[in-house]
Number of protein chains: 2
Amino acid sequence: MPSKPAAPITIDAVYAAPGYLFRRMQQIAVSIFMEECKAFDLTPVQYAALVAIHTHPGIDATRLSAVIAFDRSTLGSVIERLQAKDYIERKPAPEDKRIKLLYLTKSGAAILREIIPAVERAQARMLEPLKPADRKALMGLLVQLVDLNNEASRVPLRAEDALEHLGKGG
Amino acid sequence: MPSKPAAPITIDAVYAAPGYLFRRMQQIAVSIFMEECKAFDLTPVQYAALVAIHTHPGIDATRLSAVIAFDRSTLGSVIERLQAKDYIERKPAPEDKRIKLLYLTKSGAAILREIIPAVERAQARMLEPLKPADRKALMGLLVQLVDLNNEASRVPLRAEDALEHLGKGG
DNA sequence: CCCAGATCGTCAGTATACTGTCAATCGACA
DNA sequence: TGTCGATTGACAGTATACTGACGATCTGGG
């Protein structure tokens with residue numbers, strides 16, 4: 001069969017590439033999140049970390065990274081900043097001196113409650129330009145794709161496995 | 001009408017949020033790109049910049065940032081690295097001492113030709129888990145959404161406007 | 001021609017991301 | 001029980017991103 005002719009190298013091919021579109025959309029999403037939440041001094045990553053700690057109090061940093069699929073090295077500085085803002089506290093685990101357990105402070109629990117409406121506004125705004133049926137379709141495809149590509153990412157999501165130490169997962 | 005009851009704050013809500021999914025997918029996309037292109041020492045951003053300079057030789061950094069919708073400050077260091085690798089060169093514009101014009105070197109043009117197959121493999125792999133019809137549907141929705149949200153991003157895409165100085169746009 | 005405002009590249013500061021490495025610690029096995 | 005492999009948190013190095021500021025420069029109005 002005839003080999004495909006080499007496509008000309010143009011910027012239009014980049015505009016249509018999935019990788020480029022995912023990057024653009026992520027930047028737009030962060031921009032909208034920061035705008036809606038600017039009163040709260042929380043980034044999207046910090047927000048997700050707070051929610052995960054709220055859902056799994058006493059989790060450690062390594063398991064937290066698996067639960068939200070964020071890089072463990074990066075998470076170190078995220079945790080540091082959340083601690084500096086007094087939204088979380090770290091307690092050494094009595095049975096394992098390597099581990100530091102993470103808990104929300106009262107401040108942390110409070111800001112989480114307060115920021116929810118802004119976060120929901122942000123999430124809605126990201127999809128707002130689409131028709132409702134298209135929003136559903138896009139989210140469905142995206143959930144599928146992220147799930148099926150889970151192993152391709154550097155930090156695969158391990159929502160269940162990560163929680164065995166808390167006595168909730170196994 | 002009854003107000004919606006406050007949803008419980010759980011990590012499952014985060015997993016289903018558009019912003020979270022866009023972030024995950026972007027990370028997966030970068031991971032796949034770097035894997036397919038590891039022989040070439042080029043990041044996705046550097047690749048897009050090279051393609052844009054190839055398409056618009058003699059473009060300056062500010063217009064380049066508009067053409068690929070990347071942050072202008074960040075682009076400074078991207079350009080620096082591409083120059084250090086001898087893939088591009090910068091020439092002062094004779095008619096405006098502020099501006100430095102960007103051109104591909106022979107090395108830059110060569111690596112661009114060579115990397116194309118790997119980039120195409122990467123782009124294909126990102127969508128591979130979906131059925132062909134779903135790939136088309138997802139890309140269609142994403143193109144729409146990115147376009148309709150263009151103004152919401154910090155650096156909106158200005159593919160046309162940016163090129164007037166080159167005598168090709170207006 | 002001169003000046004006010006806009007533009008260009010640059011830089012400092014902050015926040016994600018990823019790679020690779022390290023010391024401290026743990027756990028399992030000989 | 002002693003040791004080795006695995007795990008944990010930390011760190012160094014690189015690369016995107018965004019905000020805000022700055023000096024050099026250009027441009028248009030008077």
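First the proteins, then the strands, lettered A, B, ... as listed; each starts at 1. These numbers come from the heavy atoms of this one structure, side chains and all, not from hydrogens, waters or symmetry mates.
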Proximity to DNA chain C (any heavy atom under 4.0 Å), residues of residues 73-87 of chain A only: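 Residues of residues 73-87 of chain A under 4.0 Å from DNA chain C: A/Ser73, A/Thr74, A/Val78, A/Arg81.
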
Heavy-atom donor-acceptor pair, [X] side chain to [Y] backbone, under 3.5 Å:
X	Y	value
B/Ser107	B/Tyr87	no
A/Thr105	A/Asp86	yes
A/Asp71	A/Thr74	yes

Please assess A/Phe22 against B/Phe22 for the test ring pair (Phe, Tyr, Trp, His ring centres under 6.0 Å), listing each intermediate value before the final yes or no. CA-CA 7 Å; A/Phe22 290 135; B/Phe22 291 135; 8.1 Å; no

Of the candidate nucleotides D/dA15, C/dT10, D/dG9, which contains the atom at the shortest distance from the side chain of B/Gln46?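 My answer, after comparing the listed nucleotides, is D/dA15.
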
Can you tell me how far [atom2] of [N] sits from [atom1] of [X], to the nearest Å?
X	N	atom1	atom2	value
A/Met34	D/dG20	CE	P	11 Å
B/Phe70	D/dA15	CZ	C1'	13 Å
B/Arg24	C/dT16	CZ	P	17 Å
B/Tyr47	D/dT16	OH	P	15 Å
A/Lys91	D/dT8	NZ	C1'	20 Å
B/Leu42	D/dA15	CG	C1'	13 Å
B/Asp41	D/dA15	CG	C1'	12 Å
B/Lys38	D/dA15	NZ	P	18 Å

Set of residues satisfying salt bridge (Lys or Arg N to Asp or Glu O under 4.0 Å) with respect to B/Arg98, sequence neighbours excluded: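 B/Arg98 satisfies salt bridge (Lys or Arg N to Asp or Glu O under 4.0 Å) with B/Asp96 once adjacent residues are dropped.
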
Contact letters for nucleotides 3-8 of chain C, in which S counts primed atoms plus P, OP1 and OP2 and B counts the base, heavy atoms under 4.0 Å: ----BS

Taking only side-chain nitrogens and oxygens of A/Gln26, does any of them come within less than 4.0 Å of OP1 or OP2 of C/dT16?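 Indeed not, no polar side-chain atom of A/Gln26 lies that close.
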
For A/Lys100, is there an ion pair with A/Asp60 - N to carboxylate O distance below 4.0 angstrom?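 A salt bridge is absent here (no side-chain N lies under 4.0 Å from a carboxylate O).
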
Salt bridge or not for B/Arg135 and B/Glu128, using N-O below 4.0 Å?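 Not counted as a salt bridge, because no side-chain N and carboxylate O are separated by less than 4.0 Å.
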
Residue whose nearest DNA chain C nucleotide is more 5′ - A/Ala69 or A/Lys97: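 With A/Lys97 and A/Ala69 compared, the 5'-side residue is A/Ala69.
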
I want to confirm an ordering. Mapping B/Arg90 and B/Ile28 to their closest nucleotides on DNA chain C, which one lands closer to the 5' end?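 Residue closer to the 5' terminus by nearest nucleotide: B/Arg90.
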
Would you say A/Ile9 and B/Val51 make side-chain contact, with heavy atoms under 4.5 Å?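 A side-chain contact exists here, since the closest heavy-atom pair is under 4.5 Å.
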
State, without any angle test, whether A/Asn150 and B/Arg24 hold a side-chain donor-acceptor pair at a distance under 3.5 Å.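 B/Arg24 and A/Asn150 do have a side-chain donor-acceptor pair below 3.5 Å.
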
